[in-house]
Amino acid sequence: MEINDVRIVGIWGMGGVGKTTIARAIFDTNSNRFGGACFLADIKENKCGMHSLQNILLSELLRKRDNYVNNKEDGKHMIARRLRFNNKEDGKHMIFRAFAVSTKARSQLLQKPDASTRYHRDAKFGVFEFDGLYEICHHCCTTSLLQILSLRVLTTSGNIPSWFHRRGIGRIVSVNLPENWLWQGVWEHNVRQWRKLEYTVRQLIKYMASSSSSVSNSQYCTRWKYNVFLSFRGKDTRRNFTSHLYEGLDNRGIFTFLDNKRLENGDSIPQELLKAIEESQVALIIFSKNYATSRWCLNELVKIMECKEKENNGETVIPIFYDVDPSHVRNQNESFAIAFAEHELKYKDDVEGMQKVQGWRNALSAAADLKGYDIRHGIESENIHKIVDHISSKLCKTSYYLSSLQDVVGINAHLEKLKSLLQIEINDVRIVGIWGIGGVGKTTIAKAIFDTISYQFKASCFLADVKENANYNQLHSLQNTLLSELLRKKDDYVYNKYDGKCMIQSRLSSKKVLIVLDDVDHVDHLEYLAGDVGWFGNGSRVVVTTRNKHLIEKDDAIYEVSTLPDHEAMQLFNRHAFRKEIPNECFMKFSLEVVNHAKGLPLALKVWGSLLHNKGLTQWTSTVDQIKKNSSLEIVKKLKVSYDGLELEEQTIFLDIACLLRGKEKKLVMQILESCDFGAEHTLDVLIDKSLVFISKNDKIEMHDLIQDMGRYVVKMQKKSGEQSRLWNVEDFEEVMVNNIGTNAMEAIWIHGVQKLCFSEKIMKKLRLLSIISFHTHDDSIEYLPNNLRWFVCHDYPWESLLENFEPKKLVYLDLQHSLLLQLWTGTKHLPSLRKLNLNHSKRLLRTPDFTGMPNLEYLNLCNCSNLEEVHRSLGCSRKLIWLKLYNCECLKRFPCVNVESLRSLDLRYCSSLEKFPGILGRMKPELEIKMRRSGVREIPSSFIQQHACRLTELDLSFMKNLVSLPSNICQLKGLVKLTVSCCSKLESLPEEIGDLENLVTLNAECTLISRAPSSITWLNKLKYLSFAYQESNFGVSFVFPEVNEGLRSLESLNLSDCNLIDGGLPEDIGCLSSLKTMYLNRNKFEHLPRSIAQLGALQSLCLSNCMGLKELPSFMGMPNLETLNLSNCNMIDGKLPEDIGCLSSLKELNLSGNSFEYLPRSIAQLGALRSLDLSDSKRLTQLPEFPQQLDTIGADWTNDSICNSLFQNISSLQHDISASDSLPLRVFTTRGNIPRWFHHRENGRSISVKLPENWYISDNFLGFAVCYSGKLINAEAHLICYDGRPVTCITQKLSLSNHSKCPAESAIHFFLVPLAGLWDTSKANGKTPNDYGRVKLFPSGEMKEFGLRLLYKDEPKIEVSFSSSKKQ
């Protein structure tokens, strides 16, 4: 204890071992050595809340009994503020906190450092363990021990226990001792135990007094004991202004030093006053007329100004001019002149005295120059308010930066967002909600914003733990706390919540207040504590933290607290696990696992981090495994509060989601829940509002992992009581099946992969949800299925049919896909609730069931039932059928009539044995889609078309290889939007009246025998997509497209590729297609194009590839929007590419590959938007054209050295004005292929290092270093190195590589040029010339797989070019 630091010592041991006795002994022996001492006994037994213990602690240590705080957060900060004293005897405290620790495992409570900065500095912390005390005879105390242990009297209620052998009445105790009452062995044993206790106590005292660990300075350490020091002339202001100012400061909780016993006589100031000045954060100097007459006051002032000038956070000084002019103080005029005349007269013969007087003058002048308050002409109460607000503001800002909240991970981002919602600068009243799941940090954020902005309000109150306190006390008690805080007078204002509601409104309606209501979970909490914005004065703000979103009014702003991002989660975890932000390397893997499992929840990160603190690697391994298997019980119990607050149906749905349905699509979850007759929509909204679930971006029901753990924990607790309601684990399920131990409470089973399915009729009657995905093995038979089922999913159902006694009247959904069913059941079953039946991939299924008993069936999926031959004729009775799917039922021959009154989709694709179109019953819906692709149907009945002419919207007849023609009345389908007849290889024509399909948007007739488009096709003014591509004519018939006649006004895409088009096959007025954006004319035989094609002003893409006979191109002047032009393999020669190609200002991609020209028009350089130019396979081309400015991707014959040289000459011209800079911006060009052989130096590796030949630099000829690489680079660094002499000279230049090519990275190579002008820096050359430099190196920042380098010259010199690389140099 002789060491003047702060330390915490733990006394640790099992229950009953004597920890409290030892602690009491230490306390009694040493408490007189401290300025204050407090023994907090039985902390665990305290039932009044943590703040009550904080009040006891403050009362004991401040020696004034009071209810200082009303919640633990305020208590935490007040202890920190009031007990953070300087390093003096009266500031030392001895505090005993009694932890009830019964096992060694709980020693972690002592290993966690406390925020000991509340008392002085970071503490040294230790754990002292002792073996224990045995039964002790009260006569056996040694004298030395009695000097340590004081006699204690323990008091309790009740009668004298019968355990005492001798009981009687009287003032004297007299007992006859039996013979040989003291056995020598017992005596010696007990003496040994007392001596053992004495030794233990002495060792503990010694332990507390010594420690080898060093004391670190806390970043929150402060030397301030007082917030404010008041300097004043007593007889002028003590009884008026100063006392009122002190009261105002004290009411704001500002700890102020006021010397009420000051005599103000003489020159010397008491030492304690000097100390108080040094320990005060702010000094308020109240200048009055007689201030300068007091040498006491003047010496006080000098000391204050000295403290102000101290380095490192000096004292703040604020002058207040009470009844004097500031200039009188500054210049010592008027009353100050008179006072100084007396001082100078007194010290006229005293040199030191006159120096002191001059010091007073200097201090007065300096103080008067400071910014302060001139209150001579104002109203005193208003002036005091301003001063107190100013001090409060300053202290609150400082307090926040000293607060531990400042160090909360990510807090600043939260505060900025909250401030933007609070908008304190606007003078209205606002309520802002902070909403999020339990443990996400709502209270921490609320406390931080409270500490940050509370100084801007007349009064503020942080009402913590509203839900807990409202349950423990009545609401009027919280109202009294609120009123006491905001009116700054503790009182019991009201005795019921109704009076409290009225009083809050009447007393606070004109007061600007800040209120935080923490953890609100019931509408009454808001109604009676902050019922309306009209309750509070303008500028007021109410912040509410809640897990229940719907408690906050729609008009109020809501800040949703999200979980921490990964980097902040790791930061928070490391602080608690390692007490630092960077973990030890050996723990990194485990840290990542824990952080990933926490999914950003601060509560989990703190709890798990603290759990793992100070543990070794072996303990980490087992603990992390345990965390991943079972979340901490402490976290789950805290989160379970949200579950307990739900209504019964809400709890049921929550458990369904947590145990079974998390991650499923919202639509599916709603269907499952609604099948159980739940009000699913409303309940889901409640769960979302209470932050228990949320809807993901892809519309799935999601929840935090720990919320799910909490829900599953609830069900596991049910298992302990024999009432488990849900199963989701295969092992648990098989245990139930094997041991037949299910319960009547079982409601749902949702599992993947089982070996046995055997239900007991007695114990599974209430089962409503059953989902089994995949059987591994199965028994020969199944004996029982619960008839209460609402949702039954069993993939790979292993039996040939369902049970005859299975009569699930309430079944809504039956999914038996991939089953071994031969039939579902025989006869007819009455299933009035069944809406969905899915037998997809039941490949052994031969026939469907009778549908008569399924009047509400909406969805029938029989896809891929490859042996299904017929569908039961009763299907026509299913009038509510919406989806009917028989995709790939390749054996299906007979299909009954279908009722289409509700039908939206009929899928008969790949039913290759079905030759007859199904009969249709009822009135068809307009949105009905019929898909017949690759079916065996030979014709579409005219009667079908006639009956449903106005209702069919999509007709897919693709790959119907037996279809020869379409019925003529198909053109009566006025509602048809999409018609697909592609790959109908026998279809030769479209109906002449095709133009009557007035709503048609898409017509796909690819790969047919159609050789002529009906002339009426141009009437289709809503048509956007039209394709006759890839005609299969074997007779050389050329396709003919009719005259447009200003029709097809909406057509955007026309595909006539491979149509054997010749001259005249395209209409001359094709330029009338004013909306056309893409046109594909590939592989046709025309020699000329209609001239009007140049009028296609909206055209964006034109493809003419492989039109080998094309002799002339149209003018491009009328195509300002063309972005893509493909003229590849058109056998073009010089002069065939028109010069006006340069007018295509929007062109981005130009493909001229596979042509025969030697040069290209110069106007290509004018294509300002061009990004990609493909000249590959143009064998006769020897020189590249001048590049447009935006070009970044180019294809050419890189085996041709002339082409390579031309490329870099072009790049050089683009970079002609470049010079050395901090980071040299270089253009990068991309192509496909390998590193060209043109590059003399080629190598694999991570860097380029090339030895340069002699005299490599030729003035006015050398252009730079041409580089080619494969891989991905962002930046690089070039070094030009001279080894001639020592030290080695090196010129270094950073390169910034810019490329936006869309070429696939895996097949791409890249070119760039490092110009000598950008690399050479004369100031760094040390008088050398470029030829003195013998090596060039490139260091890329990225992945470079292969590279090439060549020296580039305007004219290739006739010198020996020999390159070599060196990894060592």
Side-chain angles (χ1 to χ4, degrees), residues 405-423 431-450 452 516-521 543-552 554 556-576 581 591-592 594-609 631-632 635-636 638-639 641-643 654 657-658 662-663 666 684-711:
L405 287 173
Q406 186 207 13
D407 208 30
V408 173
V409 173
I411 193 65
N412 290 328
H414 290 302
L415 294 182
E416 289 304 313
K417 292 173 184 176
L418 259 181
K419 286 177 182 177
S420 69
L421 295 177
L422 288 166
Q423 293 185 288
I431 298 176
V432 174
I434 300 178
W435 170 60
I437 62 175
V440 80
K442 301 182 295 295
T443 301
T444 302
I445 295 167
K447 188 62 186 174
I449 197 71
F450 181 83
T452 308
V516 175
L517 303 178
D518 176 47
D519 197 15
V520 169
D521 84 328
V543 178
V544 179
T545 75
T546 183
R547 302 182 189 189
N548 196 343
K549 188 177 182 181
H550 84 269
L551 291 178
I552 303 167
K554 290 183 179 179
D556 298 328
I558 297 177
Y559 175 54
E560 181 180 355
V561 184
S562 57
T563 52
L564 295 176
D566 290 345
H567 68 284
E568 290 184 356
M570 180 60 80
Q571 188 180 352
L572 179 61
F573 174 76
N574 289 343
R575 285 188 185 178
H576 289 269
E581 294 186 6
S591 299
L592 289 170
V594 175
V595 169
N596 182 58
H597 192 64
K599 294 292 189 294
L601 189 69
L603 172 64
L605 293 163
K606 291 176 185 176
V607 171
W608 290 336
S631 300
S632 168
I635 299 168
V636 168
K638 286 184 179 180
L639 297 177
V641 175
S642 298
Y643 170 80
F654 170 75
I657 295 172
R662 179 192 173 187
K666 178 186 174 183
L684 186 62
D685 288 342
V686 171
L687 297 180
I688 291 172
D689 287 344
K690 294 197 173 187
S691 302
L692 292 171
V693 303
F694 62 91
I695 309 300
S696 69
K697 291 181 180 178
N698 52 358
D699 208 38
K700 293 184 177 180
I701 305 286
E702 276 294 352
M703 58 175 48
H704 194 281
D705 287 353
L706 293 173
I707 297 291
Q708 182 179 43
D709 290 345
M710 178 267 287

Problem set entry | Worked check of side chain to side chain contact (heavy atoms under 4.5 Å, CB included) between His414 and Val561 | CA-CA 8 Å; His414 290 302; Val561 184; 4.1 Å; yes

Problem set entry | Steps toward side chain to side chain contact (heavy atoms under 4.5 Å, CB included) verdict (Leu692, Met710) | CA-CA 10 Å; Leu692 292 171; Met710 178 267 287; 4.3 Å; yes

Closest non-hydrogen atom pair, [X] against [Y]:
{"X": "Ala658", "Y": "Gly711", "result": "CB-CA, 4.1 Å"}
{"X": "Leu421", "Y": "Ala557", "result": "CD2-CB, 4.1 Å"}
{"X": "Glu702", "Y": "Ser696", "result": "CG-CB, 4.1 Å"}
{"X": "Val595", "Y": "Asp566", "result": "CG1-O, 4.4 Å"}
{"X": "Gly438", "Y": "Leu601", "result": "O-CD1, 3.5 Å"}
{"X": "Gly439", "Y": "Pro602", "result": "O-CD, 3.3 Å"}

Exercise. Near Asp685 CG, under 6.0 Å, is it more than 12 heavy atoms from other residues, nucleotides or ligands?
Worked result: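 Yes - once you tally the heavy atoms of other residues, nucleotides and ligands closer than 6.0 Å, there are more than 12.
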
For this session: For side chain to side chain contact (heavy atoms under 4.5 Å, CB included), just list the numbers for Leu684 and Lys666, CA-CA rounded to whole Å, side-chain angles, deciding distance to a tenth of an Å, and then say yes or no.
Result: CA-CA 10 Å; Leu684 186 62; Lys666 178 186 174 183; 3.9 Å; yes

For this session: Give the ring-plane orientation class for Phe654 versus Tyr643, where under 30° counts as parallel, over 60° as perpendicular and anything between as tilted.
Result: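 Ring orientation, 0 to 90° scale: tilted.
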
For this session: Check for a donor-acceptor pair, side chain of Lys442 on one end and backbone N or O of Gly436 on the other, with a separation under 3.5 Å.
Result: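 Yes; at least one donor-acceptor contact below 3.5 Å.
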
Problem set entry | Side-chain (Asn574) to main-chain (Met570) donor-acceptor, under 3.5 angstrom |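 It does hold such a pair.
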
For the [atom1] atom of [X] and the [atom2] atom of [Y], what is their distance to the nearest 0.5 Å?
{"X": "Asn548", "Y": "Leu687", "atom1": "CG", "atom2": "CG", "answer": "10.0 Å"}
{"X": "Ile431", "Y": "Ile552", "atom1": "CD1", "atom2": "CD1", "answer": "9.5 Å"}
{"X": "Ile657", "Y": "Gln708", "atom1": "CD1", "atom2": "CD", "answer": "11.0 Å"}
{"X": "Phe694", "Y": "Ile707", "atom1": "CZ", "atom2": "CD1", "answer": "10.5 Å"}

For this session: Please test Asp556 against Val432 for side chain to side chain contact (heavy atoms under 4.5 Å, CB included), starting from the C-alpha separation and ending with a verdict.
Result: CA-CA 6 Å; Asp556 298 328; Val432 174; over 6 Å; no

Under a 4.5 Å cut-off applied to non-hydrogen side-chain atoms, are [X] and [Y] in contact?
{"X": "Thr452", "Y": "Lys419", "answer": "yes"}
{"X": "Lys599", "Y": "Thr563", "answer": "no"}
{"X": "Ile434", "Y": "Thr545", "answer": "yes"}
{"X": "Leu572", "Y": "His576", "answer": "yes"}
{"X": "Ile695", "Y": "Ile701", "answer": "yes"}
{"X": "Met703", "Y": "Ile437", "answer": "no"}
{"X": "Leu422", "Y": "Val543", "answer": "yes"}
{"X": "Glu568", "Y": "Leu605", "answer": "no"}

